[in-house]
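Reading through the structure tokens given below for one structure.
Values in this document were obtained by computation on a predicted structure and should not be read as measured data.
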Amino acid sequence: MKYREEDIQEKIYITQLEGIGERLEEDIAGILNRTGMYFRIFSRAKTPASIAQKLNKEGYGFSDDEKKLQDLIGLRVVVYYQDDMDIIRTIMEKTFRRVGEWSKTESTNEEFKASKLNGVFRIPEEYQRIYSGNFSEFPIDRTFEVQLRTVSFEGWHEIEHDMRYKSPHGDEFWRNNEDLSRTLNCVLANLELCDWSTLSVFDKLSYYHYEEGNWEMMMKGKFRLRFDTQPLSPEFINFLDENLGVAYCLYRCDRAKVIFALMQERHETITYDLVVKAANESVAVYDAKIQRRLEKLCHEVFKKDRSLKPERLDLRPLDVTPSFRLNVILSHNPVKSMQQEFMSAVQMIGAWAQGRFRNITDDIPTTPVDYEFHVPGFNIRILGNLSLGFYKLSLDYVDVTRKGVVWRTNVSLELSERIRMKVDCDYCHTPYRLVRDSFSKPRFVDEIFRRIGYEDVIPMSLKPGKVKSIKELEQISAFISDHSRNLPVILAVEEEDPERQININRLTETIGTYAHVFILDKKAIPILVEMSDYTTDELTGAVWVTFSGGEDKFYTRDMIADSRFDFNKYAFDQGNVYEKAFRHRLVRLIKEKNCE
């Protein structure tokens with residue numbers, strides 16, 4: 001089949017793919033910045049002409065023995081030091097879902113080839129939401145390719161790709177000029193020698209400063225990171241002077257292990273102090289008492305807070321995407337009057353609005369009265385009347401930490417027999433850009449829940465409800481079938497092995513204000529077997545989700561155990577990975593349904 005450039009241009013939305021590539025570039029750069037390594041990153045989406053040219057090559061198609069295009073989106077990470085390639089390779093494998101094996105340079109002792117490392121990964125679902133097209137009629141995978149290169153070989157790859165492998169003249173270009181081809185290979189050999197020699201120079205320089213007791217310069221040569229200008233603290237210099245074994249360990253330690261330890265630290269810049277702390281926690285092989293002394297010293301040195309600098313705002317035309325929805329009845333305490341609870345809720349919402357606008361205006365009321373305030377980028381309007389039992393607040397403001405994002409909140413309270421609260425939040429953003437924290441629950445939602453409480457047919461809770469008896473199970477079934485219910489219901493069945501059980505308490509704490517969470521005692525499983533079409537084995541450890549529209553999701557423990565992150569932000573965390581992956585997936589599902 002012949003693929004035409006015109007068809008590809010019409011059916012594949014390149015602008016949206018570029019948006020995904022830019023976001024991947026931004027997020028990967030954010031992860032790598034935490035390592036302190038020197039790097040450059042670039043992204044691109046293939047052009048329709050390039051897509052057509054590749055798909056029309058032999059071997060591409062839909063058959064089992066044919067391959068699909070996997071680099072529709074490509075990223076290139078260029079490192080300054082050759083040993084950083086393996087570190088970034090590990091980071092990529094832990095962060096994204098790899099497809100197939102890495103493609104790397106294979107060469108013999110008698111030849112030189114440009115050093116390269118290419119990997120293919122799944123495009124995470126959260127990025128795919130930017131793309132509204134469908135390229136299923138083309139043999140194209142929903143993947144992106146990452147190419148790792150050193151600075152020395154970055155320019156060389158462009159030359160070799162264009163002048164050898166992609167030359168329209170093929171072998172004719174070099175025919176009868178084999179001596180020139182060998183000369184070009186000599187250049188390549190020198191580049192490989194440059195990469196090796198650079199590491200050797202800094203290793204020797206680090207050892208020189210170690211012998212001289214120049215600890216900061218030793219670390220500069222050893223770790224080769226993008227250090228902040230802040231010098232090594234005098235407390236650490238004195239400690240290393242007095243404990244030469246610690247200094248030797250710092251000189252001899254595994255650089256990669258220290259870099260991975262740095263990724264677990266919360267920091268904006270890499271300092272010499274931070275590296276000492278990370279090394280002491282991750283690679284220390286000296287006396288435990290000395291390690292504890294250094295740990296205590298680190299605690300004292302790191303007492304200061306370092307504030308974050310906001311990015312400059314770059315305004316563009318904005319799209320609107322829902323970020324939070326809630327429609328509930330406020331609980332009622334007979335000790336208090338409805339008007340008291342109404343006023344209390346208004347006060348908490350007004351106090352939240354004051355906090356949002358604390359540097360803009362100081363006269364936002366916390367009572368149900370009419371009010372307006374408008375300045376560029378910050379707008380608020382309140383309509384309120386206590387005697388009518390009505391309060392409505394509309395607020396929008398620019399986000400000073402994310403370029404081109406405006407948050408918008410509408411909340412209303414209506415007092416009749418009970419108090420009904422509605423919350424609608426949106427974020428406005430530049431087209432084709434995804435905001436990572438697009439689900440945004442205002443703080444007053446949790447505060448009103450703690451102080452007053454919510455009901456959605458039945459009371460909401462931040463602790464999972466326990467279902468033990470047939471009566472309780474029948475009550476839950478009736479509640480799930482109730483058409484007046486607005487919020488989803490999650491029923492987790494207790495697992496025989498507690499280590500395989502999902503963390504239902506953590507789940508409830510996360511979504512308990514906008515979803516009902518219950519756990520079915522394992523002793524009640526036989527009752528549920530009789531009431532459903534599932535077997536005991538299918539139900540044990542399972543999780544059942546029911547939405548207000550009647551849509552059901554059922555996950556067996558095998559499905560839960562097979563859960564994986566396709567964008568693993570928790571790759572360097574400890575704990576049950578599949579449980580975290582499933583819980584993360586479940587929370588994301590509830591949040592996405594909340595915003596529909």
Side-chain angles (χ1 to χ4, degrees), residues 30-39 79 81 83-84 86-95 202-203 206-207 209-210 213-308 506 565 568-577 579-580:
I31 294 168
L32 297 184
N33 279 331
R34 290 164 55 196
T35 68
M37 292 185 294
Y38 288 89
F39 71 94
V79 298
Y81 303 105
D83 54 347
D84 287 344
D86 284 334
I87 295 174
I88 294 179
R89 171 181 177 169
T90 299
I91 291 170
M92 292 299 301
E93 286 184 340
K94 285 181 173 290
T95 306
F202 287 117
D203 282 344
S206 176
Y207 180 69
H209 288 301
Y210 162 73
N214 302 324
W215 309 128
E216 184 178 306
M217 288 186 279
M218 175 197 78
M219 293 166 63
K220 180 71 174 177
K222 165 71 180 180
F223 296 103
R224 296 173 268 113
L225 300 177
R226 202 184 296 270
F227 283 104
D228 187 66
T229 54
Q230 177 184 336
L232 182 64
S233 294
E235 296 93 330
F236 288 135
I237 293 174
N238 294 335
F239 188 91
L240 294 173
D241 286 341
E242 296 168 4
N243 298 272
L244 296 179
V246 178
Y248 181 72
C249 178
L250 198 57
Y251 164 69
R252 293 288 297 168
C253 70
D254 187 316
R255 176 174 175 267
K257 287 183 179 178
V258 174
I259 288 175
F260 292 140
L262 285 172
M263 297 186 71
Q264 299 178 31
E265 299 281 347
R266 295 193 177 277
H267 58 270
E268 287 300 305
T269 57
I270 302 294
T271 64
Y272 295 100
D273 292 353
L274 188 65
V275 170
V276 171
K277 179 178 182 290
N280 187 56
E281 293 173 353
S282 62
V283 298
V285 292
Y286 33 82
D287 184 78
K289 289 183 180 179
I290 295 177
Q291 186 179 5
R292 286 194 294 271
R293 281 177 51 207
L294 183 51
E295 185 178 347
K296 184 179 179 181
L297 182 61
C298 289
H299 180 73
E300 293 171 357
V301 171
F302 280 88
K303 274 183 180 177
K304 270 188 195 174
D305 265 340
R306 296 190 177 99
S307 58
L308 300 177
R506 180 68 63 82
F565 288 104
N568 190 358
K569 292 171 280 190
Y570 309 100
F572 293 90
D573 288 3
Q574 295 180 345
N576 192 329
V577 176
E579 187 276 331
K580 280 185 179 178

Exercise for review: Could you walk me through whether K277 and H267 pass side-chain contact (heavy atoms from CB on, under 4.5 Å), step by step?
Suggested key: CA-CA 12 Å; K277 179 178 182 290; H267 58 270; over 6 Å; no
Review point. After noting the C-alpha distance and the side-chain angles of T95 and F565, does the key distance pass the side-chain contact (heavy atoms from CB on, under 4.5 Å) rule?
Key: CA-CA 8 Å; T95 306; F565 288 104; over 6 Å; no
Exercise for review: Please report the C-alpha distance between E300 and K296 in whole Å, then the side-chain angles of each, then the deciding distance to 0.1 Å, and finally whether the side-chain contact (heavy atoms from CB on, under 4.5 Å) criterion is met.
Suggested key: CA-CA 6 Å; E300 293 171 357; K296 184 179 179 181; 3.8 Å; yes
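Salt bridge K220/E216: absent, no basic N to carboxylate O contact under 4.0 Å.
Nearest heavy atom pair, residue L262 against residue A278, reads CD2-CB, 3.8 Å. Contact between Y286 and G245 at its shortest, heavy atoms only, is CD2-O, 4.3 Å. Residues L232 and D273 share a closest heavy-atom pair of CD1-OD1, 3.4 Å. Annotation for G221 and S206: closest pair C-CB, 3.8 Å, computed over non-hydrogen atoms. The minimum heavy-atom distance between A284 and C249, with the atom names listed, is CA-SG, 4.2 Å.
Side-chain contact between I87 and T35 is absent, with no heavy-atom pair separated by less than 4.5 Å. Side-chain contact between D241 and W215 is present, with at least one heavy-atom pair separated by less than 4.5 Å. For the pair V79 and M37, the minimum side-chain heavy-atom distance is 4.5 Å or more. Contact check for Y272 versus D228: no side-chain heavy atoms found under the 4.5 Å cut-off. Side chains of F236 and C298 form a contact here, defined as non-hydrogen atoms less than 4.5 Å apart. Using a 4.5 Å heavy-atom cutoff, the side chains of V285 and Y248 are not in contact. Using a 4.5 Å heavy-atom cutoff, the side chains of F39 and D84 are not in contact. Residues V301 and V276 form no side-chain contact, since every pair of their non-hydrogen atoms from C-beta on lies 4.5 Å or further apart.
The cationic group of R224 does not satisfy the cation-pi geometry with F202, failing either the under 6.0 Å distance to the six-membered ring centre or the 45° limit from the ring axis.
Going from atom CZ of F260 over to atom CZ of R255 covers 10.0 Å, rounded to the nearest 0.5 Å. In this structure, L250 CG and L244 CG are separated by 12.0 Å, a value rounded to the nearest 0.5 Å. To the nearest 0.5 Å, atoms CG (L297) and CD1 (I290) are separated by 13.0 Å. Here CG of D83 is found 7.5 Å from CD1 of I259. Values are rounded to the nearest 0.5 Å. For the atom pair OG1 of T269 and CZ of F227, the computed distance is 11.0 Å after rounding to the nearest 0.5 Å. To the nearest 0.5 Å, the span separating OG on S233 from CZ on F239 amounts to 13.5 Å.
Within 6.0 Å of atom CZ in R252, 12 or fewer heavy atoms from other residues, nucleotides or ligands are found, so the atom counts as exposed in its surroundings. Remark: Y207 OH is loosely packed, at most 12 non-hydrogen atoms of other residues, nucleotides or ligands lying under 6.0 Å away.
Side-chain atoms of Q291 come within 3.5 Å of backbone atoms of N280 as a donor-acceptor pair (strictly under, hydrogens ignored). T90 places a side-chain N or O within 3.5 Å of a backbone atom of D86 that can act as its donor or acceptor partner. Of the possible polar contacts, none joining the N243 side chain to the V246 backbone as a donor-acceptor pair under 3.5 Å is found. No donor-acceptor pair closer than 3.5 Å links the side chain of K222 to the backbone N or O of Y210. Distance alone, capped at 3.5 Å, is enough to place a donor-acceptor pair between the T271 side chain and the L274 backbone.
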